[in-house]
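Quick caveat: nothing in here was measured; it's all calculated off a predicted structure.
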Amino acid sequence: MTFTVDENLIDVNNLMTIAQALEIDGSGYVPEAFLNSMGVGPMVQGYIDAGFVKRDGDNLTFELQMKSGQVTLSGQPLPMF
């Protein structure tokens with residue numbers, strides 16, 4: 001994962017501007033068998049169905065991005081709250 005902060009977008013009088021100044025780019029994977037062995041496979045299935053996590057062979061993969069305060073997980077908008 002990499003992230004940068006555009007200091008020109010930060011207003012020191014408004015800390016909420018930090019979210020607008022962050023740019024995050026990351027990705028990862030986990031073996032699906034590992035999650036199933038922990039008993040969380042059924043819970044993760046909901047994230048797969050929603051498109052937040054993708055199957056790639058025996059692994060589950062994701063891509064996380066944040067730009068201008070908008071977060072996406074595997075290309076799907078991710079509500080923060």
Side-chain angles (χ1 to χ4, degrees):
M1 177 181 290
T2 60
F3 71 94
T4 58
V5 178
D6 186 344
E7 61 191 48
N8 297 316
L9 297 177
I10 296 176
D11 177 357
V12 295
N13 297 312
N14 182 358
L15 293 179
M16 297 302 289
T17 59
I18 292 174
Q20 296 294 320
L22 281 175
E23 288 192 18
I24 300 172
D25 190 18
S27 62
Y29 72 93
V30 63
E32 190 169 7
F34 173 74
L35 297 174
N36 289 334
S37 73
M38 294 179 51
V40 297
M43 181 181 75
V44 173
Q45 185 62 47
Y47 292 98
I48 296 168
D49 293 342
F52 292 124
V53 178
K54 310 279 185 189
R55 275 197 177 94
D56 183 12
D58 294 335
N59 295 318
L60 298 179
T61 64
F62 67 91
E63 294 178 5
L64 175 74
Q65 293 184 323
M66 179 175 177
K67 188 170 184 170
S68 301
Q70 300 295 315
V71 178
T72 60
L73 190 55
S74 298
Q76 303 294 322
L78 184 65
M80 294 301 288
F81 302 102

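When the side chains of ILVMFWY residues are joined at heavy-atom separations under 4.5 Å, either directly or via intervening members, M43 and Y29 end up in two distinct hydrophobic clusters. The hydrophobic cluster containing V40 also contains V53, counting ILVMFWY residues as joined when their side-chain heavy atoms lie under 4.5 angstrom apart, directly or transitively. Cluster membership check: M1 shares its hydrophobic cluster with V5, using side-chain heavy-atom separations under 4.5 Å among Ile, Leu, Val, Met, Phe, Trp and Tyr.
Not counting sequence neighbours, the partners of L9 by the side-chain contact (heavy atoms from CB on, under 4.5 Å) test are D6, A21. Every residue two or more places apart in sequence or in another chain that forms a side-chain contact (heavy atoms from CB on, under 4.5 Å) with A19 is listed here: M66. With sequence neighbours excluded, no residue forms a side chain to side chain donor-acceptor pair (under 3.5 Å) with D11. Every side-chain contact (heavy atoms from CB on, under 4.5 Å) that M16 has, sequence neighbours left out, goes to N14.
To the nearest 0.5 Å, the span separating CG on L64 from CD1 on I24 amounts to 6.0 Å. Of the inter-residue distances, the one linking N59 atom CG with L35 atom CG reads 10.0 Å to the nearest 0.5 angstrom.
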Identify each donor-acceptor pair in which a side-chain atom of residues 67-78 lies under 3.5 Å from a protein atom, sequence neighbours left out, and give them as a table.
from	atom 1	to	atom 2	distance (Å)
S74	OG	F52	O	2.8
S74	OG	E63	N	3.4

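A side-chain hydrogen bond (donor to acceptor under 3.5 Å, both in side chains) check over residues 33-56, counting only residues at least two apart or in different chains, returns the pairs E32-R55, Q45-D49, Q45-R55.
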